[in-house]
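Down below is the structure, laid out as structure tokens.
Given the structure is predicted, the values throughout are model-derived calculations rather than measurements.
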Amino acid sequence: MARREAIQDIMNYIDDEIVVCNIGFPSRELYDIKDRAENFYMIGSMGLASSIGFGLALARPDRNVVVIDGDGSLLMNMGSLVTIFANNPKNLTWIVIDNGAYGSTGNQDTYAQAIDLCEIAKSVGFKNSHRFEDINLREIIESDDVSFIVYDTEPGNSKAPIIDLDPVTIKKRFMDAIRP
């Protein structure tokens, strides 16, 4: 399965959740699949989708937050695993699409090919640490603990178009949509 198909699969479970999407091609694919004001498309800052999602989960405990991340980005910010677990934002679901590659920079291999990200999350303490094919995502999103999910895919990028919104517009539209 390609990452684009995984994002489509994930978005089939999304209703009114806040979604933060990893940089580059994943954001482009999400924009092409299901653009909505409640989606925050990362334009830069590789490795920080989880941190932004974490901040949103703390700021908006009344809303469920879903982070669509990549294995390469997680590996760039491993400290976020411990920080997010220690704070246990019950409204955060962190989905890592593991394609074993840095998809937006040329599909170079990541070290995720040699490790099990799901097992690493479990070792940190995530009780809700699962592979995507083993769960009902709607139930996980609505669960009472922070959740970590690995969605395994093949490397490669789709021909998703460039996001035709500038970063300021993305930010303003997103902030207006999630404002209480």
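Side chains of Asp164 and Tyr31 form a contact here, defined as non-hydrogen atoms less than 4.5 Å apart. Residues Val124 and Phe148 are not in side-chain contact: their nearest non-hydrogen atoms beyond the backbone lie 4.5 Å or more apart. A heavy-atom distance below 4.5 Å is not found between the side chains of Val150 and Asp116. Within the 4.5 Å cutoff, the side chain of Met78 has heavy atoms near those of the Ile120 side chain. The closest side-chain heavy-atom distance from Asn157 to Arg3 is below 4.5 Å. Between Ile170 and Phe40, the closest side-chain pair of non-hydrogen atoms falls below 4.5 Å. Contact annotation: the side chain of Leu74 approaches that of Trp94 to within less than 4.5 Å [non-hydrogen atoms, C-beta and beyond]. Side-chain atoms of Phe132 and Ile97, non-hydrogen and from C-beta on, never get closer than 4.5 Å to each other.
Salt bridge status for Asp176 with Arg173: absent, with no side-chain N to carboxylate O gap under 4.0 Å. Ion pairing between a basic and an acidic side chain is recognised when a charged N comes within 4.0 Å of a carboxylate O; Arg138 and Glu17 show such pairing.
Nearest heavy-atom pair, Pro89 versus Ala57, reported as atom, atom and distance to 0.1 Å: CB-CB, 3.9 Å. Here the closest heavy-atom approach between residue Gly70 and residue Val96 is recorded as C-CG1, 3.7 Å.
In this structure, the separation between CG on Asn22 and CG on Asp69 is 5.0 Å, given to the nearest 0.5 Å.
Here ring pair (Phe, Tyr, Trp, His ring centres under 6.0 Å) pairs that include residues 49-72, with residues two or more places apart or in two chains, number zero.
Checking Asn99, Asp9, Asp71, Asp98 one by one against Tyr151, the side-chain hydrogen bond (donor to acceptor under 3.5 Å, both in side chains) holds for a single residue, Asp9.
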The test is side chain to side chain contact (heavy atoms under 4.5 Å, CB included); show your working for Glu5 and Thr153 and say whether it passes. CA-CA 9 Å; Glu5 295 169 303; Thr153 67; over 6 Å; no
Which is it for Asn64 and Thr93 under the side chain to side chain contact (heavy atoms under 4.5 Å, CB included) test, yes or no, and what are the steps along the way? CA-CA 8 Å; Asn64 286 323; Thr93 302; over 6 Å; no
Step-by-step side chain to side chain contact (heavy atoms under 4.5 Å, CB included) determination, Met11 to Asn39: CA-CA 11 Å; Met11 292 308 290; Asn39 293 351; 4.2 Å; yes
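Summarising the local packing, NZ of Lys127 is surrounded by 12 or fewer heavy atoms from other residues, nucleotides or ligands at distances under 6.0 Å.
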